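Positions are given from 1, in the same order as the sequence printed here. These values consider heavy atoms only, across backbone and side chains, with no hydrogens, waters or symmetry-generated copies. Because the structure is predicted, anything quoted here is derived from the model rather than measured.
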Amino acid sequence: MSMMEISALLLVLLIIMLAGGVWIAISLMACGWVAMQFVAGGIPAGSVLATTIWGNSASWTLAALPLFIWMGEILYRTKLSEEMFRGLAPWLNWIPGRLMHVNVLACGIFGSVSGSSAATCATVAKIALPELKRRGYNEKVALGSLAGAGTLGILIPPSITMVVYAVAANVSIIQIFLAGFLPGLLVMVLYSGYIAVWHLMHPDQSPPPEPKMSLREKLRESANLIPCMLLIALVFLSLLLGWATATECAAWGVLGSFGIAWWSGSLTREAFWQSVMGTTRITCMIMLILAGASFMSTSMAYTGIPAALAEWVDSLHLSPYALIAALTVMYIVLGTALDGISMIVLTTAIVIPMIKAAGFDLVWFGIFLVLIVEMAEVSPPVGFNLFVLQTMSGKDSNTVALAALPFFFLLVAAVAIITVFPQIVMILPQIAFPG
């Protein structure tokens with residue numbers, strides 16, 4: 001069979017299994033096992049499965065994931081979520097969409113300290129979804145905005161994905177980090193703009209505005225944000241000042257959330273145990289899916305499908321902008337079957353020479369690639385943020401995927417904007433490194 005036929009077979013098999021209700025992780029592992037049957041040399045699929053799952057699970061960076069989820073579980077059981085919404089409501093009351101913008105703002109802030117899309121999406125969703133539902137906001141837009149805004153965890157530095165690309169492409173990690181700030185702000189503006197437009201078009205599906213307040217009343221309500229801002233400052237400053245790594249920052253976040261829970265009087269034995277069990281369930285779900293995705297990614301590497309696709313694009317000899325368009329389509333297709341880091345690792349060696357020949361800066365291309373990886377996080381059938389929200393909301397995969405679709409196209413728009421206006425990406429690195 002040709003590479004295209006194998007790719008089509010694997011994609012159809014994955015869609016059938018997911019539509020049939022098979023567990024996501026099991027579906028990914030099954031497709032990986034089928035892919036291994038097409039590998040020449042008789043490499044045993046079982047051995048690859050065992051070594052891949054162990055190698056990808058025994059990672060120090062992954063230790064941050066359950067810690068950030070635990071932080072969200074603890075905060076969910078305090079009054080912090082209600083207080084955060086009470087503190088932000090008076091200031092967002094005049095913007096169409098009102099408290100729906102909290103999803104974007106919270107994901108942007110939390111993404112600046114977590115470095116993980118899944119952790120950002122899971123933590124903010126745990127706090128925001130119940131509050132928005134209780135206040136009568138449209139659940140579909142809430143889910144879509146959380147799926148899209150959760151990807152800010154890998155676009156706003158520090159980001160594990162950026163580090164992987166910087167190492168693979170041999171470029172400065174600091175420059176990549178600096179390049180991510182303005183595109184991150186651009187994506188947040190696009191998301192908030194869509195939320196505002198949607199609510200202007202559907203006024204009947206928006207809850208009534210909160211009662212108007214004087215400036216003094218607004219400031220008094222904003223005092224509810226102090227515990228949340230202190231926690232963010234604790235995590236962010238410990239990372240910024242070099243006191244702790246990203247994983248250690250997660251531990252500081254858990255400690256700070258325990259302090260807030262104790263201060264608010266909600267740190268009971270029952271609440272503690274519920275937070276532990278909730279963290280265990282979500283972490284096991286995410287880790288099992290990661291294991292399945294890593295095995296499928298390894299199997300795809302053995303078949304040579306990603307490399308063959310990149311070589312095919314190279315053989316077309318496209319103009320610079322046509323090349324970017326073709327690479328965008330190529331990575332979107334790969335994103336339906338691979339996780340973001342695997343896409344970068346498997347294709348960088350082939351794609352980087354093409355980018356250099358076309359005259360694009362490698363720092364700019366790194367941000368382009370991160371935006372594409374963000375698309376993969378919200379595109380079915382292997383969109384990881386979709387899996388997280390599907391589990392946390394209890395909705396089926398089609399509902400969550402359709403809710404996230406507008407935010408997928410907003411990421412496509414962001415790619416088009418930074419391609420036409422590359423200075424959005426390059427201005428901060430050029431100011432910091434004028435040479």
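- Distance check: Glu139 CD to Lys133 NZ gives 5.0 Å after rounding to the nearest 0.5 Å.
- Residues Gly184 and Leu152 approach most closely at O-CD2, 3.9 Å, considering heavy atoms.
- Within the model, atoms CG of Leu132 and CG of Asn138 stand 10.5 Å from one another, a figure rounded to the nearest 0.5 Å.
- The ring-ring contact (aromatic ring centres under 6.0 Å, His included) search around Phe272 returns Phe258, not counting sequence neighbours.
- You'll find the side chain of Trp70 reaches within 4.5 Å of the side chain of Val276, heavy atoms only.
- The only option from Phe407, Phe408, Phe409 that meets the side-chain contact (heavy atoms from CB on, under 4.5 Å) definition with Met375 turns out to be Phe408.
- For the atom pair OG of Ser172 and CG of Leu362, the computed distance is 12.0 Å after rounding to the nearest 0.5 Å.
- Shown here is Ile417, whose CD1 atom has more than 12 heavy atoms of other residues, nucleotides or ligands within 6.0 Å.
- Under the 30°/60° scheme for interplanar angles, the aromatic rings of Tyr321 and Phe360 are found to stand perpendicular.
- Taking 4.5 Å as the limit, every side-chain heavy atom of Val425 sits out of range of all side-chain heavy atoms of Phe368.
- Counting heavy atoms from C-beta on, the side chains of Ile176 and Val171 come closer than 4.5 Å.
- Between Val187 and Ile156 the shortest side-chain heavy-atom distance does not fall below 4.5 Å.
- With hydrogens and angles disregarded, no donor-acceptor distance shorter than 3.5 Å links the side chain of Ser275 to the backbone of Ile74.
- With contacts defined as side-chain heavy-atom distances shorter than 4.5 Å, the pair Ile372/Leu411 does not qualify.
- The line from CG of Leu13 to OG of Ser27 is 8.0 Å long, rounded to the nearest 0.5 Å.
- Between Glu374 and Leu155 there is a side-chain heavy-atom pair separated by less than 4.5 Å.
- Not a single ring-ring contact (aromatic ring centres under 6.0 Å, His included) links Tyr165 to another residue, sequence neighbours left out.
- Among all heavy-atom pairs drawn from Val363 and Ala179, the shortest one is CG1-CB, 3.8 Å.
- Contact annotation: the side chain of Leu143 approaches that of Leu129 to within less than 4.5 Å [non-hydrogen atoms, C-beta and beyond].
- Note: His101 NE2 to Asn103 CG = 10.0 Å, rounded to the nearest 0.5 Å.
- At distances below 3.5 Å, at least one donor-acceptor pair connects side-chain atoms of Trp364 with backbone N or O atoms of Ile418.
- Inter-residue side-chain proximity for Thr151 and Tyr191 is flagged as met; some heavy-atom pair is nearer than 4.5 Å.
- Not counting sequence neighbours, the partners of Leu428 by the side-chain contact (heavy atoms from CB on, under 4.5 Å) test are Leu178, Phe181, Leu182.
- Once rounded to the nearest 0.5 Å, the distance linking CG of Leu230 with CH2 of Trp263 reads 9.5 Å.
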